[in-house]
Protein chains: 2
Amino acid sequence: MTDMTVPVSRNTRRSDALSRDRIVEAAVEVLDATGEAGLTVRALTAHLSTGRGAIYHHVVNKEELLAAAVDEIVGRATAAAGDDDDPGRAIRALALGIFDAIDAHPWVGTQLSREPRQPAVFRIWRSVGSQLQRLGVPAAAMAAAGSALVNYVLGAAAQYAAGARRATGDADRKAYLATLAAQWAQHDPDPIVQEAAARLDDHDDREQFLAGVEIFLTGITAVAARG
Amino acid sequence: MTDMTVPVSRNTRRSDALSRDRIVEAAVEVLDATGEAGLTVRALTAHLSTGRGAIYHHVVNKEELLAAAVDEIVGRATAAAGDDDDPGRAIRALALGIFDAIDAHPWVGTQLSREPRQPAVFRIWRSVGSQLQRLGVPAAAMAAAGSALVNYVLGAAAQYAAGARRATGDADRKAYLATLAAQWAQHDPDPIVQEAAARLDDHDDREQFLAGVEIFLTGITAVAARG
DNA sequence: ACCTGAACACCGTTCAAGT
DNA sequence: ACCTGAACACCGTTCAAGT
């Protein structure tokens, strides 16, 4: 069993005033160290060495806190990938940035698809929309194109997050996929499932995620051209 | 004289043995009536008029129970939409079947994207895979095509579920989308967001979901042809 | 074998009381 | 104003005890 305890803050500057930003930062640390289930108000107050009620002085409730933590990570990812001259490359970079953020912080993937009205989702919509516009997608097709890409990215995020949750790093992920493939193959005699399982066993899901983005880009270009 | 024997309970099914199927059926009823948060072991035992521990005689834990409830609904949806001669039409029907199932049972949408290793997700993979095969997607492209489509459907499922959770029926959903659009527009001055919000206000999300399926089908066909 | 329901080890959130 | 921590109203799960 791995030790799941969160290290107590290096130096108890209890005299610092608590703030929303400090609480969100602490939430990210607790989530990274112990996962979604590990973020309890009690764990958070222990990490900040304060009382439970103090949290509620700066944050409405746990849901809002989680949304803020997700937005923190997604904000970094979208900011890091926005400055490519070619909009197609910018979209691939944006998608990969989100993928890698979820690989590093699996709780982000799960939380992103739980609530469409959260800041982080607005942020993704905005980035996707601006790149699709630069790509030349006409206004009439924008809503369909944007939601197709956003839904794909969020769907993939949630699915891959389950793998990343159990296994971070390349080797671990390969092992996870092998197990998953075995489970599928055992669970279902259908030849298509068997085939998919066999391929799952030795593919790179980061590459597969990108292949999906490629399919979308090809589709949106063709649909926009004939629409 | 009237018969004075008071029936202990009109619900004589109490004497029926409890079974896994009966428990799953009851879980679906509780979920439909009170939503995800309403499915507690206590509520379920009340609905079945039994003790808490009895549940654990037939079901491993709450997570497995939820997965079984989701599979029940998704099973009906995939069965209803599998017999079209044209694989393209069959895929659209399959996607719409899942969309409508989530509209009627919003908790399905949220739960589907939470765990890739659940029976309902296998089921969707299987249906999608078999139709893509009939569509002529070569084996080498199958994993990418399948995961693109499945991830899109699951991502959309989760996003639309949030709308359906608050508003079932056409009029309510329109009202929800109008509120969401207003919230976006207020939250963000970016012209692209403003544009998206304006369109969100008067579109049909069922139609938009289908437009996304169309984009992916077009992309898959084009990529498979040149691959 | 199947079921019961009290007990256990947790939750998020509130609020009178302190500084 | 900001913080504390006991108290409240819940959870899912277990298990000795009953039939």
Side-chain angles (χ1 to χ4, degrees), chain A residues 1 3-6 8-9 11-31 33-70 107 110-111 114-115 118 165, chain B residues 8-9 11-31 33-70 107 110-111 114-115 118:
Chain A
M1 268 265 207
D3 184 6
M4 283 310 215
T5 46
V6 181
V8 176
S9 48
N11 114 46
T12 31
R13 292 238 11 116
R14 284 270 282 95
S15 53
D16 279 3
L18 216 50
S19 69
R20 198 189 129 97
D21 281 352
R22 280 236 296 151
I23 293 173
V24 171
E25 184 195 353
V28 169
E29 286 164 15
V30 172
L31 283 161
T34 61
E36 300 167 59
L39 182 68
T40 65
V41 176
R42 278 157 182 82
L44 195 59
T45 55
H47 193 69
L48 288 162
S49 38
T50 183
R52 306 175 195 345
I55 306 288
Y56 291 90
H57 247 269
H58 298 92
V59 147
V60 171
N61 54 28
K62 201 190 161 182
E63 193 186 336
E64 195 223 17
L65 177 59
L66 241 167
V70 169
W107 47 275
T110 316
Q111 183 57 25
R114 195 127 52 191
E115 176 56 62
Q118 65 180 312
R165 211 178 299 143
Chain B
V8 172
S9 159
N11 189 1
T12 35
R13 308 196 4 123
R14 268 283 279 114
S15 57
D16 282 0
L18 216 50
S19 70
R20 198 190 129 97
D21 281 353
R22 280 239 294 152
I23 293 172
V24 172
E25 183 195 355
V28 169
E29 285 163 15
V30 171
L31 283 161
T34 61
E36 301 166 60
L39 182 69
T40 65
V41 177
R42 279 156 182 84
L44 195 60
T45 55
H47 193 73
L48 288 162
S49 35
T50 183
R52 305 174 195 345
I55 305 288
Y56 292 90
H57 247 269
H58 299 91
V59 147
V60 172
N61 54 26
K62 200 189 161 182
E63 193 185 337
E64 195 223 18
L65 177 59
L66 242 167
V70 169
W107 47 274
T110 315
Q111 183 57 23
R114 196 128 50 193
E115 176 58 62
Q118 64 180 312

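Order of the sequence lines sets the chain letters (A, B, ...), proteins ahead of strands, with each chain counted from 1.
Residue contacts shown for B:Leu18 are limited to sugar-phosphate atoms, with no base heavy atom under 4.0 Å away. At a threshold of 4.0 angstrom between heavy atoms, the contacts of B:Leu44 with the nucleic acid are absent. Within 4.0 Å (heavy atoms only), A:Leu65 reaches no atom of the nucleic acid at all.
In summary, B:Arg114 and B:Glu63 do not engage in a salt bridge, as defined by a charged side-chain N under 4.0 Å from a carboxylate O.
A:Ile55 places its CD1 atom 13 Å from the C1' atom of D:dG5, with the value rounded to the nearest Å. Distance B:Arg42 CZ to C:dC10 C1': 11 Å, rounded to the nearest Å. We find that CD1 of B:Ile23 is positioned 11 Å from C1' of C:dC2, with the value rounded to whole Å. Atom OH of A:Tyr56 is separated from atom P of C:dA16 by 17 Å (rounded to the nearest Å). What separates CZ of A:Arg22 from P of D:dC2 is a distance of 14 Å, to the nearest Å.
If you find the closest nucleotide of DNA chain C to A:Ala54 and to A:Leu39, the one lying nearer the 5' end belongs to A:Leu39.
Here B:Leu39 contributes atom CG and B:Leu44 contributes atom CG; the two are 6.0 Å apart, rounded to the nearest 0.5 Å. The structure places CG of A:Leu31 at 8.0 Å from CG of A:Leu65, a figure rounded to the nearest 0.5 Å.
Counting only heavy atoms from C-beta outward, the side chains of A:Arg22 and A:His58 never approach each other to under 4.5 Å.
Relative to the side chain of A:Arg52, the nucleotides C:dT14, D:dT14, C:dA7 differ in distance, and C:dT14 lies closest. Across D:dC11, C:dG5, D:dC3, the shortest atom-to-atom separation from the side chain of A:His57 is found for D:dC3.
Residue B:His58 has no polar side-chain atom (N or O) positioned under 4.0 Å from OP1 or OP2 of C:dC2.
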